[in-house]
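Below, all heavy atoms of this structure are taken into account, side chains as well, without hydrogens, waters or symmetry copies.
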Amino acid sequence: FSEMQRLFQQKLLKEAPSYRERIRIAREELGEEGEESPSQLLGQFSAANANALDQLKDNTPAEDLEKAVDILAAAEATHIVGVRRAYVVASYFSYALCHIDRRTFMMDGVGGMYKEQAGSIGSRDALIAVSFHPYAQETQDVAIAAAEKGIPLIVITDSQLSPLASIASVCFTVKEAEVHSFRSLTSSLCLAQSLSIGLAYRLDKQKALTA
């Protein structure tokens with residue numbers, strides 16, 4: 001019944017509530033002879049991320065990238081939301097856009113004020129929402145409120161079944177590298193960097209043409 005056991009182990013790995021529990025289950029799956037060193041894990045994560053980056057390049061439509069940059073270039077201000085694991089990608093977006101002198105607001109929900117922050121998004125602004133399974137309710141609430149107001153919505157997520165995919169102006173579905181059920185963020189960060197620098201190039205070109 002080893003194959004059946006493996007199916008249950010994989011399910012537990014994905015649903016385990018903490019890193020410690022997921023590591024314990026992964027070690028049990030590997031067995032005594034399968035324990036891996038940090039060097040071996042680095043090799044596995046590096047190879048998995050390289051493959052995921054190739055998929056990102058091959059599976060991301062050029063027209064979607066252009067449309068996202070169009071939205072960001074036209075926006076008077078860009079609001080960004082992403083919590084828990086997605087916060088890493090959202091915070092990079094905020095950092096990058098601020099450094100190219102764009103009006104940028106990171107929606108942090110301090111004091112539980114996500115609703116109030118969503119209400120401050122102007123009609124000529126744009127929203128970037130980053131959300132991965134199990135899709136944080138806070139991010140969904142902000143994105144839905146923006147979409148209902150007709151505000152352009154750029155979504156980075158991990159599945160077309162994401163609740164944000166159907167309301168997005170442009171949706172990027174990113175398949176991250178995964179080793180022993182530990183998922184990377186390399187591809188999502190690469191996409192965020194590409195959009196941010198692509199926007200910087202666009203703005204610099206526009207500035208040169210009007211000079």
Original post:
So, does E76 use its side chain to make a donor-acceptor pair with the main chain of G122 at under 3.5 Å?
Top reply: no
Original post:
Should E138 and R84 count as an ion pair when the cut-off is N to O under 4.0 Å?
Top reply: yes
Original post:
If you look at every heavy atom in T60 and L56, which pair is closest and at what distance?
Top reply: OG1-O, 2.6 Å
**OP:** Would you name the heavy atoms of C171 and A168 that are closest together and state the gap between them?
**Re:** CB-CB, 3.9 Å
Original post:
Are T186 and L53 side-chain neighbours, meaning at least one heavy-atom pair lies under 4.5 Å?
Top reply: yes
Subject >> Of all pairs that satisfy salt bridge (charged side-chain N to carboxylate O under 4.0 Å, His left out), the ones with a partner from residues 38-67, not counting sequence neighbours >> reply: E66-R202
Original post:
Around K149, counting heavy atoms of other residues, nucleotides and ligands shown, do more than 12 lie under 6.0 Å from its NZ?
Top reply: yes
**OP:** Decide yes or no for S159 and Y135: does some side-chain heavy atom of the first lie under 4.5 Å from some side-chain heavy atom of the second?
**Re:** yes
Original post:
Within a strict 4.5 Å, meaning less than it, do heavy atoms of the H79 and M106 side chains meet?
Top reply: no
Original post:
Under a single-linkage definition using a 4.5 Å side-chain heavy-atom cutoff for Ile, Leu, Val, Met, Phe, Trp and Tyr, are I144 and V142 assigned to the same hydrophobic cluster?
Top reply: yes
**OP:** Treat each ILVMFWY residue as a node, draw an edge where side-chain heavy atoms are under 4.5 Å apart, and state whether L185 and Y87 are in one component.
**Re:** yes
**OP:** Could you pull out the closest heavy-atom pair between A136 and S131, with the gap in Å?
**Re:** N-OG, 3.7 Å
**OP:** Could you walk me through whether V130 and V81 pass the side-chain contact (heavy atoms from CB on, under 4.5 Å) test, one step at a time?
**Re:** CA-CA 6 Å; V130 186; V81 61; over 6 Å; no
**OP:** Locate the shortest heavy-atom distance separating Q117 from S120; write the atom from each residue and the value.
**Re:** O-OG, 2.6 Å
**OP:** For E148, enumerate each residue passing the side-chain hydrogen bond (donor to acceptor under 3.5 Å, both in side chains) test, keeping only those at least two apart in sequence or located in another chain.
**Re:** none
**OP:** Go through the steps for L203 and Q206 under the test side-chain contact (heavy atoms from CB on, under 4.5 Å), then give the verdict.
**Re:** CA-CA 5 Å; L203 296 174; Q206 291 175 351; 3.8 Å; yes
**OP:** Please answer: with hydrophobic residues joined when any side-chain heavy atoms are less than 4.5 Å apart, are Y201 and L199 in the same cluster?
**Re:** no
Original post:
Does N49 reach the main-chain N or O of F45 with its side chain, forming a donor-acceptor pair under 3.5 Å?
Top reply: yes
Original post:
Rounded to the nearest 0.5 Å, what separation is found between the CG atom of L153 and the CD1 atom of I128?
Top reply: 9.5 Å
Subject >> Shortest non-hydrogen contact between A143 and A129, atoms and distance >> reply: CB-CB, 4.5 Å
Original post:
Do side-chain atoms of N59 reach the backbone of Q55 as a donor and acceptor pair under 3.5 angstrom?
Top reply: yes
Original post:
Can I167 be reached from L72 by stepping across I, L, V, M, F, W or Y side chains whose heavy atoms are under 4.5 Å apart?
Top reply: no
Subject >> Crowding at CZ, F105 (>12 non-hydrogen neighbours, <6.0 Å) >> reply: yes
Subject >> Residues that Y95 engages under ring pair (Phe, Tyr, Trp, His ring centres under 6.0 Å), provided they are two or more places apart >> reply: H99
Original post:
What distance separates I71 CD1 from I151 CD1, expressed to the nearest 0.5 Å?
Top reply: 12.0 Å
**OP:** Report the distance from atom OG of S91 to atom CG of D108, rounding to the nearest 0.5 Å.
**Re:** 11.5 Å
Original post:
Is a side-chain donor or acceptor of E176 paired with a backbone partner of S188 at a separation under 3.5 angstrom?
Top reply: yes
**OP:** Please tell me if the side chains of Y114 and T139 come closer than 4.5 Å, counting only heavy atoms from C-beta onward.
**Re:** no
Original post:
Roughly how far, to the nearest 0.5 Å, is the OG atom of S94 from the CG atom of L97?
Top reply: 7.0 Å
Subject >> T157 and S162: side chain donor to acceptor below 3.5 Å >> reply: yes
Subject >> From S169 atom OG to I154 atom CD1, the distance as rounded to the nearest 0.5 Å >> reply: 7.5 Å
Subject >> Closest contact, heavy atoms only, R102 versus A73 >> reply: NH2-O, 3.3 Å
Original post:
Is it true that a side-chain atom of D158 and a backbone atom of V174 form a donor plus acceptor pair closer than 3.5 Å?
Top reply: no
Original post:
Are L127 and L164 joined in one hydrophobic group, where the rule is that I, L, V, M, F, W and Y side chains link up if heavy atoms are under 4.5 Å apart?
Top reply: yes
